[in-house]
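Here's the structure, in structure tokens; my notes come after.
These values consider heavy atoms only, across backbone and side chains, with no hydrogens, waters or symmetry-generated copies.
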Amino acid sequence: ATAVTVTANAKDGFSIKDADGAFVLKLGGYVQGDLRAFIGDDVAKLPTQFLVRRARIDTRATAFKIIDFRLMTDFGSGTATVQDAYAEARFLPELKLLAGKTKAPVGLERLQSGTALLFVERGLPT
């Protein structure tokens with residue numbers, strides 16, 4: 001008999017895993033908004049705006065304990081873009097094969113997730 005475990009928490013989102021952990025599906029995401037409101041006598045000249053900066057859905061999966069998949073889409077700012085879409089095969093601890101679209105390891109601020117930033121905006125040099 002195979003048992004399937006379903007969990008949900010704030011850090012990892014929803015996950016479904018089989019008994020031996022060979023197949024795992026994780027679903028998560030986050031939304032970041034930006035409100036621009038003005039107060040004063042000339043409010044009619046300056047409109048209040050609410051922007052959805054990031055609205056991301058993160059889907060991760062593992063198959064046969066050696067192949068990991070990730071698809072992260074962003075629906076913020078009125079457009080749909082693919083942030084990450086890759087597969088990684090882990091044959092040995094020393095040997096991994098990664099194929100797809102992922103972040104280039106060029107700077108710490110670009111590698112950090114949007115949820116780990118202190119401010120909503122990134123620094124100007126990035």
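- The side chain to side chain donor-acceptor pair (under 3.5 Å) contacts involving residues 92-101 comprise nothing, where partners must be two or more places apart or lie in separate chains.
- The closest side-chain heavy-atom distance from V4 to K17 is not below 4.5 Å.
- Rounding to the nearest 0.5 angstrom, the gap separating the CZ atom in R70 from the OG1 atom in T62 is 12.0 Å.
- For K26, the side-chain contact (heavy atoms from CB on, under 4.5 Å) partners at least two apart in sequence or on another chain are S15, V24, R60.
- Follow the hydrophobic side-chain contacts under 4.5 Å out from L35 and you reach V31 in the same cluster.
- With salt bridges taken as basic N to acidic carboxylate O contacts below 4.0 Å, none links D74 and R54.
- Look at R36 and D34 and you find a salt bridge, because one of the NZ, NE, NH1 or NH2 atoms lies within 4.0 Å of a carboxylate O, short of that distance.
- Rounding to the nearest 0.5 Å places CG of D18 at 8.5 Å from OG1 of T5.
- Cluster annotation: I66 and L97 are assigned to distinct hydrophobic clusters (Ile/Leu/Val/Met/Phe/Trp/Tyr, side-chain heavy-atom contacts under 4.5 Å, transitive).
- Applying the ring-ring contact (aromatic ring centres under 6.0 Å, His included) rule to pairs touching residues 4-27 yields F23-F64, sequence neighbours excluded.
- Note: L98 CG to R90 CZ = 12.0 Å, rounded to the nearest 0.5 Å.
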For residues 78-86, run the donor-acceptor check on the side chains, cut-off 3.5 Å, and write out each pair with its distance to 0.1 Å, sequence neighbours left out.
unit_1	atom_1	unit_2	atom_2	d
T81	OG1	Q83	NE2	3.3

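- The side-chain hydrogen bond (donor to acceptor under 3.5 Å, both in side chains) check on T59 picks up nothing, with sequence neighbours excluded.
- With R56 contributing its side chain and Q32 its backbone, the two residues share no donor-acceptor pair below 3.5 Å.
- Using a 4.5 Å cut-off between side-chain heavy atoms of Ile, Leu, Val, Met, Phe, Trp and Tyr, F75 falls into a hydrophobic cluster with I57.
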